[in-house]
Student: 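One structure, as structure tokens, below. Some questions next.
Count residues from 1 along the sequence.
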Amino acid sequence: MTNYHGIIGIARKDITPPVGIFARNWGAATHDVAAGVHMPLTLTCITFQTAAATAPLVLISADLGWWKSAADERNLRHGILTALSLPEERLMFCLTHTHAGPSTFSEDAGKPGGHFIIPYLQQVQQAAIDAAREAMASAQPATLTWQYGRCGLAVNRDFPEPGGNRLVVGYNPAAAADDTLLAGRITDAAGRIIGTIVNYACHPTTLAWDNQLLSPDYVGGMRSVVEPATGAFCLFLQGASGELSPAEQYSGDTSLADGYGRQLGFAVLSVLEGMLPPDTELAYTGVVESGASLAIWKKTPAPAATKLMAEMTEVEMVLKPMPSLAEIEAAWEACEDHVIKERLWRQRGIRKTVGEGTVARMPLWIWRLGNSMLAGQPNEAYSGFQLALRQELFPATVAVMNIVNGYAGYLPPVESFNHQSYAVWQTPFEKGSLERLIRSATTISQRMIQTA
């Protein structure tokens, strides 16, 4: 358990888009637009400052899926940075990765319901600006306490196809999955909970092509458990979930997502219940001789660390051989299979994001909050990213986030490239890219930890 003490604020905005917005997220879908709302989509912001007059670190989590356009993401984020007068390293705009959200791709404007997309992106940008300002205006001295727990929701989803030679995207009961849950509790000077943070790695793919409702997927169900119990907003951070998902998924049944949310929510409450009071640790005080020699541990004051640091760097990743933008667009124009056409449309967005060269420079954000580290990057890293950082940076608490400030593709480990799989097919990056990211994140984090 680690603590950070500073000036902390939290705010929430509703970012539910209009019903009828283009929301075709699945190649197998037969509908184009959202027909209703399962749960509201939200944007939650937490700001961290060492003092009221200092520039904040701004952490935002939005119930959105992924970015198909680097330009759309950049326009939204840079508008927030400009409005808040922030340098680039001080904002992490994280997506929960729901697959039941609206399109965020301005080039879908000509599709059914697509006319809503550009105004919606403007709405999300303004909501983020307003939430950050509101969080800073209400910020107060507070302590963030972290603790790890476990939740069995996530399973491995690289399944060897029976009778085939490829890995398909679904539950693999023979493979282990990282079930680590990290919960953060923010308390004010009186010890009252004013906010929580949940970092967990699991694809929100419960709701798929049969679902026509806008939904945060299981993340909404988790919040519906945690927030009434704590009386405070809960900010969700999607972990390194490249190969992790619920066991039963691809459903049109919203009750399945609700149940998964309760499963995660109760696990979060269990972690919160097991936490010591803020600014407290257990200290060994000696032995009492009884029937056995008993070691006595008692609660002892432990002032929280106050250090805040932020850094953004770029990690060079070699690109796989892939068709040019012109070739992808020509194939898309000629294609009449709607599933293949959707894949080509996504590949087009990726090619535009990484460019026509042989190397792409992918951003990486590292923050230090007291004795904890936050690592955010735009791609879908496999869980080895978070497993490695936790091991290398121990005893620091580590939160790892996918789909932060952009998106390009998957980051599978080297050994995954020995198999035919969607992640290997989809990624524009050559093998070794995940391992390069791990080395960069570890080096920067270790340097920050060693800074007094």
Student: Assess the residue pair W146 and Y4 against the criterion (ring pair (Phe, Tyr, Trp, His ring centres under 6.0 Å)); give the C-alpha distance rounded to whole Å, side-chain angles, the decisive distance to 0.1 Å, and a yes or no.
Tutor: CA-CA 9 Å; W146 295 103; Y4 160 76; 9.8 Å; no
Student: Can you find a heavy atom in the side chain of N379 that is under 4.5 Å from one in the side chain of M362?
Tutor: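 They are in contact (side-chain heavy atoms under 4.5 Å apart), so the answer is yes.
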Student: Restricting to non-hydrogen atoms, name the atom on G221 and the atom on S224 that form the minimum distance, rounded to 0.1 Å.
Tutor: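 Shortest heavy-atom separation between G221 and S224 comes out as O-OG, 2.7 Å.
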Student: What closest approach, in Å, do A154 and Y200 show between heavy atoms, and which atom pair accounts for it?
Tutor: N-OH, 2.9 Å
Student: Go through the steps for R90 and E311 under the test salt bridge (Lys or Arg N to Asp or Glu O under 4.0 Å), then give the verdict.
Tutor: CA-CA 8 Å; R90 288 185 166 264; E311 184 172 329; over 6 Å; no
Student: Crowded around K431 NZ? As in, over 12 foreign heavy atoms under 6.0 Å?
Tutor: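 Counting neighbours around NZ of K431, 12 or fewer heavy atoms of other residues, nucleotides or ligands fall under 6.0 Å, so no.
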Student: Do E243 and R157 sit within salt-bridge range, that is, some charged N less than 4.0 Å from a carboxylate O?
Tutor: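 Result for this pair is no, no salt bridge flagged.
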Student: Do K68 and E73 sit within salt-bridge range, that is, some charged N less than 4.0 Å from a carboxylate O?
Tutor: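 Salt bridge flag = no for E73 with K68.
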Student: Can you find a pair of side-chain heavy atoms, one from L91 and one from R77, that are under 4.5 Å apart?
Tutor: yes
Student: The test is side-chain contact (heavy atoms from CB on, under 4.5 Å); show your working for V226 and F266 and say whether it passes.
Tutor: CA-CA 7 Å; V226 174; F266 288 126; over 6 Å; no
Student: Between the side chains of D108 and S103, does any donor sit under 3.5 Å from an acceptor?
Tutor: yes
Student: Going by the side chain to side chain contact (heavy atoms under 4.5 Å, CB included) test, name the single residue among N371, L182, L144, L369 that passes it with T397.
Tutor: L182
Student: Check this for me: does any side-chain nitrogen of one of E329 and R348 sit under 4.0 Å from a carboxylate oxygen of the other?
Tutor: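 R348 and E329: salt-bridged.
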Student: Just to verify, what does D179 make a side-chain hydrogen bond (donor to acceptor under 3.5 Å, both in side chains) with, not counting sequence neighbours?
Tutor: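 D179 satisfies side-chain hydrogen bond (donor to acceptor under 3.5 Å, both in side chains) with R150 only.
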Student: For the side chain to side chain contact (heavy atoms under 4.5 Å, CB included) test, which of D258, T98, D217 pairs with M39?
Tutor: D258
Student: Does the side-chain hydrogen bond (donor to acceptor under 3.5 Å, both in side chains) test come out yes or no for D72 and S106, once each step is laid out?
Tutor: CA-CA 7 Å; D72 288 336; S106 60; 2.8 Å; yes
Student: Apply ring pair (Phe, Tyr, Trp, His ring centres under 6.0 Å) to residues H99 and W66 and explain how you reach the verdict.
Tutor: CA-CA 9 Å; H99 285 51; W66 60 97; 4.8 Å; yes
Student: Let me see the working for Q238 and S241 under side-chain hydrogen bond (donor to acceptor under 3.5 Å, both in side chains), right down to the final yes or no.
Tutor: CA-CA 7 Å; Q238 181 62 248; S241 57; 3.2 Å; yes
Student: Testing the basics here: between L244 and D178, what is the closest heavy-atom pair and its distance to 0.1 Å?
Tutor: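 For L244 versus D178, the nearest heavy atoms are CD1-O, 3.9 Å.
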Student: Run through E380, H97, Q377 and flag the one making a side chain to side chain donor-acceptor pair (under 3.5 Å) with N402.
Tutor: Q377
Student: Decide, yes or no, whether a salt bridge links D63 with R223 under the criterion of side-chain N to carboxylate O below 4.0 Å.
Tutor: yes
Student: What do the steps show when you test L181 against Y148 for side-chain contact (heavy atoms from CB on, under 4.5 Å), and what is the final call?
Tutor: CA-CA 6 Å; L181 162 64; Y148 290 116; over 6 Å; no
Student: Between S245 and H203, is any side-chain donor less than 3.5 angstrom from a side-chain acceptor?
Tutor: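 Absent: no donor and acceptor within the cut-off.
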Student: side-chain contact (heavy atoms from CB on, under 4.5 Å) for F93 and V404? Distances and angles first, verdict last.
Tutor: CA-CA 6 Å; F93 192 100; V404 177; over 6 Å; no
Student: Identify whether the distance between the nearest side-chain nitrogen and carboxylate oxygen of E227 and R12 falls below 4.0 Å.
Tutor: yes
Student: Are the side chains of M222 and F236 in contact, using a 4.5 Å heavy-atom criterion?
Tutor: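 Yes, their side chains come closer than 4.5 Å.
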Student: Any non-hydrogen side-chain atom of P428 less than 4.5 Å from a side-chain atom of M322?
Tutor: yes
Student: Answer yes or no: is there a side-chain heavy-atom contact under 4.5 Å between T47 and L57?
Tutor: no
Student: Side chains of M317 and R361, heavy atoms from C-beta outward: is any pair under 4.5 Å?
Tutor: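 M317 vs R361: side chains apart.
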Student: Would you say the side chain of S324 lies within less than 4.5 Å of the side chain of E327, judging by non-hydrogen atoms?
Tutor: yes
Student: Does a donor on one side chain sit under 3.5 Å from an acceptor on the other, for S251 and D253?
Tutor: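 No - no donor-acceptor pair under 3.5 Å links their side chains.
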Student: CD of E415: more than 12 outside heavy atoms within 6.0 angstrom?
Tutor: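 Yes.
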Student: Would you compute the distance between atom CZ of R390 and atom CG of L387 and round it to the nearest 0.5 angstrom?
Tutor: 5.5 Å
Student: What do the steps show when you test L364 against L437 for side-chain contact (heavy atoms from CB on, under 4.5 Å), and what is the final call?
Tutor: CA-CA 8 Å; L364 166 67; L437 174 67; 3.9 Å; yes
Student: Do T205 and W26 have side-chain heavy atoms sitting under 4.5 Å apart?
Tutor: yes
